[in-house]
Enquirer: 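Below you will find the structure I want to go over with you.
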Amino acid sequence: MKAAMRRLVRADPDDRWAAAFGRIAVYSFLVALVTGILLLPFFRPSMTPVVYHGSYRKLDGLPMSRAYQSTLNTSFDVRGGLLIRQVHHWSADLFVAAVCLRLVRVFFRGRFRLPDWLIWVGLLLAGMLVGLSGTILPDDMLSGGSLTLLTSVLLSLPISGTHLATLIFGGSFPGHVIIWRTYWVHIVVLPVVLGALLLLSYRIGRPRRAVRVWRVDPLLPFTAAALVSLGAAAQINPVWLYGPYVPGSISAGSVPDWYLGFLDGALRIMPAWELSFGGHPLSLDVLIPALIVPGLFFTAVAAYPLLDGWIAGRRPPRGLLPPKPADPANRIAVGVAGIALYGLLWAAAANDEIAYQLQVSLFTVTWVFRILVLTVPVVAFALTRMICHAVKARRRDEAEHGIETGRIVMTPEGGYTEIREKVASR
């Protein structure tokens with residue numbers, strides 16, 4: 001087992017940065033696994049109503065579920081419980097961040113290996129689901145908001161939405177079994193999926209010659225120390241401030257994790273469109289931003305290696321003609337446009353805070369984000385492509401004529417010319 005783990009986190013010689021991000025993802029997963037196991041004896045995945053009498057006096061005497069009570073007890077009455085909870089949460093966030101950085105690194109370099117790329121896209125989706133399911137477990141107001149969103153998405157599905165919601169919640173929302181079901185998905189199903197995908201990524205991407213690694217990877221203690229430091233110094237998911245979940249209510253300041261901000265932002269700026277299809281209402285204001293847009297986005301990300309030849313302009317040779325080289329400017333522009341779109345949707349998730357801080361109407365801020373989401377990615381694509389072509393033209397000129405030095409000398413004929421240095425070969 002120890003040798004298998006050393007092989008799993010072995011560096012990829014093709015790209016050290018991508019390999020580093022991949023190893024950070026593995027170590028974050030291991031820290032989340034260890035801290036999750038430490039939290040298991042103290043959490044009670046039950047929606048049975050109880051009355052709280054614990055160390056946090058502001059909630060004393062308040063009715064709540066046993067899941068929320070056990071979360072408060074773990075945070076305030078178990079020695080080191082709050083630290084372990086926060087390290088567990090930070091490790092999940094760092095895992096998703098490391099996977100995103102690895103995908104971005106591979107994307108902009110254009111070094112796609114289709115099975116490996118699909119595996120890491122799957123890791124991103126599974127990591128986001130792990131974080132979402134973990135957010136639901138405490139049964140606080142943030143958990144209730146996530147469940148309300150999930151219910152809205154399910155009910156927006158035509159014909160089958162109501163049946164799916166009833167099946168998942170075991171009756172009408174919120175039911176009495178959703179925490180229990182989410183608990184087993186969170187601690188068994190999704191960790192097994194993540195571990196299997198990580199091992200599969202190693203099996204596909206391992207080098208032909210096995211290399212024995214006997215030293216400890218410095219990234220392992222660094223990642224663990226960084227997560228412990230974050231858990232000790234940076235507060236995250238303070239469930240005691242949100243309060244227990246009350247159906248039909250929402251707590252101010254309770255927002256999802258950073259990687260789900262784009263979904264929240266898309267829901268906030270989507271117009272309230274609703275159609276009737278065959279006598280059934282079709283809620284486009286939820287269906288489009290919560291299902292169609294993310295579905296198209298992740299499908300495009302997963303299938304991008306197949307589209308890269310067309311987007312980058314690479315053409316195979318025909319007859320005696322040489323192959324047309326690829327133009328990476330298009331790929332870079334697509335990536336920058338995608339990041340711009342994600343950033344705008346992420347910022348739109350704070351439209352109420354922006355309106356409050358700038359003392360403008362929420363209606364105005366929402367419409368500004370609607371316009372920016374449609375225009376900024378297009379402008380970002382055009383500007384990035386133009387900049388990339390300008391840089392390419394400058395490098396071509398430097399390769400042909402040398403680098404400008406600013407030193408002017410007089411020629412024997414009495415003229416003046418600039419001395420250019422030859423570009424060093426790479």
Side-chain angles (χ1 to χ4, degrees), residues 24-45 56 65 67-101 123-147 149-150 179 182-191 193-195 220 222-245 251 253-264 346 349:
I24 291 174
V26 172
Y27 301 146
S28 301
F29 171 72
L30 294 178
V31 172
L33 200 61
V34 172
T35 52
I37 292 173
L38 293 177
L39 291 172
L40 286 179
F42 306 103
F43 181 72
R44 300 293 180 266
Y56 192 67
S65 67
Y68 187 64
Q69 180 195 44
S70 64
T71 304
L72 293 177
N73 292 337
T74 303
S75 301
F76 295 106
D77 299 323
V78 176
R79 187 180 297 275
L82 180 59
L83 175 63
I84 296 174
R85 273 194 63 243
Q86 299 204 144
V87 172
H88 184 70
H89 201 129
W90 276 116
S91 60
D93 284 359
L94 183 60
F95 174 84
V96 178
V99 173
C100 287
L101 289 173
L123 282 168
L124 175 60
L125 289 171
M128 295 172 68
L129 290 176
V130 168
L132 178 61
S133 61
T135 303
I136 292 174
L137 290 181
D139 198 30
D140 60 330
M141 290 301 296
L142 179 57
S143 167
S146 301
L147 288 175
L149 174 60
L150 177 61
I179 298 298
T182 306
Y183 175 75
W184 288 107
V185 171
H186 181 74
I187 71 168
V188 177
V189 178
L190 292 175
V193 171
L194 286 173
L220 174 58
F222 176 79
T223 302
L227 289 172
V228 173
S229 300
L230 284 171
Q235 179 176 272
I236 189 170
N237 196 21
V239 295
W240 54 90
L241 298 181
Y242 304 146
Y245 176 57
S251 176
S254 57
V255 294
D257 286 308
W258 66 268
Y259 46 84
L260 293 176
F262 79 99
L263 184 61
D264 191 9
W346 188 80

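We're numbering straight along the sequence, starting at 1.
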Enquirer: Under the side-chain contact (heavy atoms from CB on, under 4.5 Å) rule, collect the residues that match up with Ala98, sequence neighbours excluded.
Expert: Ile24, Ala25
Enquirer: Under the side-chain contact (heavy atoms from CB on, under 4.5 Å) rule, collect the residues that match up with Leu82, sequence neighbours excluded.
Expert: Ser75, Arg85, Gln86, Trp240
Enquirer: Walk me through it: do Val130 and Leu194 pass the test side-chain contact (heavy atoms from CB on, under 4.5 Å)?
Expert: CA-CA 9 Å; Val130 168; Leu194 286 173; 3.6 Å; yes
Enquirer: With side chains defined as the heavy atoms from C-beta onward, is the minimum distance between Gln235 and Leu241 less than 4.5 Å?
Expert: yes
Enquirer: Given side-chain contact (heavy atoms from CB on, under 4.5 Å), test Leu190 with Val185 step by step and report yes or no.
Expert: CA-CA 6 Å; Leu190 292 175; Val185 171; 3.9 Å; yes
Enquirer: Whether the side chain of Tyr68 engages the backbone of Val239 through a donor-acceptor N/O pair (distance < 3.5 Å, no angle test) should be reported.
Expert: yes
Enquirer: Grab the two heavy atoms, one from Leu123 and one from Phe95, that are nearest each other, plus how far apart they are.
Expert: O-CE2, 3.8 Å
Enquirer: Where do Thr223 and Ser28 come nearest, in terms of heavy atoms and distance?
Expert: CG2-OG, 3.9 Å
Enquirer: Of all the heavy-atom pairs spanning Val87 and Gly231, show the shortest one and how long it is.
Expert: CG2-CA, 3.9 Å
Enquirer: Check Asp139 against Ala67 and note the closest heavy-atom contact, atom names and distance.
Expert: CB-CB, 4.3 Å
Enquirer: Could you list the residues that satisfy salt bridge (Lys or Arg N to Asp or Glu O under 4.0 Å) with Asp257, not counting sequence neighbours?
Expert: none
Enquirer: Sequence neighbours left out, what passes side-chain contact (heavy atoms from CB on, under 4.5 Å) with Trp184? Give chain and number order.
Expert: Trp180, Ile187, Val188
Enquirer: Is any side-chain heavy atom of Trp258 less than 4.5 Å from a side-chain heavy atom of Asp93?
Expert: yes
Enquirer: Do Tyr259 and Leu132 come within less than 4.5 Å of each other through their side chains, counting heavy atoms only?
Expert: no
Enquirer: Residues two or more places apart in sequence or in another chain: which of them pass side-chain contact (heavy atoms from CB on, under 4.5 Å) with Ala225?
Expert: none
Enquirer: State the CG-CE distance between Leu263 and Met128, to the nearest 0.5 angstrom.
Expert: 7.5 Å
Enquirer: To check you understand the geometry: which heavy-atom pair defines the closest contact between Trp90 and Ile236, and what is its length?
Expert: NE1-CG2, 3.6 Å
Enquirer: When rounded to the nearest 0.5 angstrom, what is the spacing between OG in Ser143 and CG in Asn237?
Expert: 9.5 Å
Enquirer: Is any side-chain heavy atom of Cys100 less than 4.5 Å from a side-chain heavy atom of Leu124?
Expert: yes
Enquirer: Have a look at Leu94 and tell me which of Leu230, Leu227, Val31, Val99 forms a side chain to side chain contact (heavy atoms under 4.5 Å, CB included) with it.
Expert: Leu227
Enquirer: Just jot down the ring-ring contact (aromatic ring centres under 6.0 Å, His included) partners of Phe262, sequence neighbours excluded, or say none.
Expert: Tyr342
Enquirer: Hey, mind stepping through Leu260 and Thr135 against side-chain contact (heavy atoms from CB on, under 4.5 Å) and telling me if it holds?
Expert: CA-CA 11 Å; Leu260 293 176; Thr135 303; over 6 Å; no
Enquirer: Closest approach of Ser70 and Phe43, non-hydrogen atoms and distance?
Expert: OG-CD1, 3.5 Å
Enquirer: Identify the residue among Leu72, Thr74, Thr71 that makes a side chain to side chain contact (heavy atoms under 4.5 Å, CB included) with Pro138.
Expert: Thr71
Enquirer: Is Ser91 reaching over with its side chain to a backbone N or O of His88, donor-acceptor style, under 3.5 angstrom?
Expert: yes
Enquirer: May I ask you to check whether over 12 heavy atoms, not counting those of Phe76, lie within 6.0 Å of atom CZ?
Expert: yes
Enquirer: Please lay out, stage by stage, how Ile136 and Tyr245 fare under the test side-chain contact (heavy atoms from CB on, under 4.5 Å).
Expert: CA-CA 10 Å; Ile136 292 174; Tyr245 176 57; over 6 Å; no
